[in-house]
Amino acid sequence: MSRHGANPLLPGSGLIAILGAGSLGRLWAGYLPAGKVAFIPRHNATVDAGVESLSYRLQRFDGSALSVTVPWLDSSATPPSVLLVTTKAGDTLDALQSTLPDLPPAMPVVLFQNGMGSQQAVAERWPHQPILAASTTEGANRPEPGRTVHAGKGETWVGPLTDNATSLLSAVVQALTASGLRVHPETNIQQRLWDKLVINAGINAFTALLNCRNGDILTHPFYLEYIGTLCTEIAAVLAAEGGQPLAPEAIRRRIETVARSTSENTSSMLSDRQQGRTTEIDFINGYVARRGRVHGIDVSVNQMLTQRVHQLLPHS
Ligand code: NAD
Ligand code: KPL
């Protein structure tokens with residue numbers, strides 16, 4: 001570390017910038033050391049006209065609550081060392097399109113989106129920028145506008161998507177570890193993203209369509225009708241993509257273990273539906289369906305779930 005506390009392997013001053021001041025962005029901003037983190041304002045947003053920071057209450061996992069104030073990044077300030085991207089998958093490409101041109105080309109970008117497809121699109125669009133992906137089991141929500149709740153204590157794995165990010169991995173993990181959250185380097189982040197995608201593909205759409213908590217899908221006739229074929233489709237796509245092969249029965253066991261252990265949870269997709277927000281279905285079952293079509297695999301159940309979630313109206 002230099003005398004300024006910045007990691008010499010990273011560009012900039014040691015500041016961590018966050019794009020996407022939602023639940024997950026506020027969670028990281030609240031745990032990272034004060035003075036070392038800033039939010040990036042939306043392109044052309046009016047927030048910086050007189051409002052220099054964002055304040056909110058963070059309820060930490062241990063039950064304690066604290067007031068957090070995070071500055072909006074001033075474009076004239078020293079450039080950040082790392083950028084965390086915590087926008088929804090469908091917003092990420094546009095958000096980066098208007099943000100990255102103002103930031104250093106050597107600055108590592110860590111993508112926190114659920115599902116797959118958005119991370120690969122970013123890595124393809126900016127192959128010369130060090131791009132990493134994170135897979136996290138931390139859980140955060142915002143029950144009211146000024147309050148963020150750390151609802152689930154988890155772990156975060158970070159790994160490189162572009163070749164030039166490999167040498168920066170340990171420095172990025174070290175920077176994130178300053179939060180006190182558990183962060184690990186992962187050299188095969190694609191596999192870890194697939195592992196999470198498999199779970200989300202078997203739970204999220206069913207909960208959104210059936211308007212039920214995670215555990216309630218397990219006995220529902222609609223779930224029981226389609227889960228076997230869904231797992232067969234996922235297994236075939238996984239094998240064709242060159243990931244760790246998994247039998248359909250093993251996929252179903254993984255899905256059902258998580259549905260049971262999170263039985264009282266409202267999934268992120270049901271929560272999006274309840275709040276009238278766009279879901280991430282295109283990056284979950286929609287991604288499996290797209291990759292399946294590329295390989296000539298029958299993915300009709302993934303397609304059906306994707307279409308039906310698209311047809312849903314907001315429901316509370
Ligand atoms: P969220 O909707 O609460 O936050 C996203 C934020 O991005 C919003 O504040 C939105 O205004 C902002 N945004 C959208 N477009 C933008 C732009 N162009 N410029 C700047 N900001 C922009 O969502 P979230 O729950 O924080 O989730 C973010 C991502 O992290 C999702 O992909 C989600 O699946 C993933 N994730 C979330 C959690 C969690 O517990 N919340 C856990 C694991 C993964
Ligand atoms: O990741 C999740 C989500 O809701 O997106 C699960 C594992 C289904 C937990 O709710």
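What you are looking at is a predicted structure, and each value in this text was computed from that prediction instead of being measured. Atoms within a ligand are numbered from 1 in the order they appear, just like the ligands themselves.
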What is the nearest protein non-hydrogen atom to [atom], stated with its residue, atom name and distance?
atom: atom 6 (C) of ligand 2; result: N200 ND2, 3.9 Å
atom: atom 10 (O) of ligand 2; result: N214 ND2, 3.0 Å
atom: atom 8 (C) of ligand 2; result: N204 OD1, 3.3 Å
atom: atom 7 (C) of ligand 2; result: V258 CG1, 3.9 Å

Regarding E233 and Y226, is there a side-chain donor-to-acceptor distance under 3.5 Å anywhere?
-> no
Using modelled atom types and a 3.5 Å cut-off, is there a donor and acceptor pairing between side-chain atoms of [X] and backbone atoms of [Y]?
X: S179; Y: L32; result: no
X: N164; Y: H128; result: yes
X: R26; Y: T148; result: no
X: S135; Y: W157; result: no

[X] versus ligand 2: do any nitrogen or oxygen atoms come within less than 3.5 Å of each other?
X: T262; answer: no
X: S268; answer: yes
X: S267; answer: no

Hey, any chance L9 and M107 share a hydrophobic cluster, counting ILVMFWY side chains that come within less than 4.5 Å of each other, even indirectly?
-> no
T69 meets the side-chain hydrogen bond (donor to acceptor under 3.5 Å, both in side chains) criterion, sequence neighbours left out, with S55
Counting each atom of ligand 2 from 1 as listed, which ones have a heavy atom of N114 under 4.0 Å away?
-> 5 (O)
Write down, by chain and number, every protein residue that brings a non-hydrogen atom to less than 4.0 Å from an atom of ligand 1.
-> L19, G20, A21, G22, S23, L24, R42, T86, T87, K88, A89, D91, A95, F112, Q113, N114, T136, E138, G139, A140, R142, E280
In terms of the angle between their ring planes, are F222 and F206 parallel, tilted or perpendicular, with boundaries placed at 30° and 60°?
-> perpendicular
In a table with atom names and distances, give each donor-acceptor pair under 3.5 Å that connects a side chain of residues 120-127 to protein atoms at least two apart or in another chain.
residue : atom : partner : partner atom : Å
Q120    : OE1  : G117    : N            : 2.7
Q120    : NE2  : Q190    : OE1          : 3.1

Pairs satisfying side chain to side chain donor-acceptor pair (under 3.5 Å), at least one member in residues 282-292, at least two apart | E241-R291, D282-H310, N285-N302
Is it the side chain (CB and beyond), the backbone, both or neither of T207 that lies under 4.0 Å from ligand 2, heavy atoms counted?
-> neither
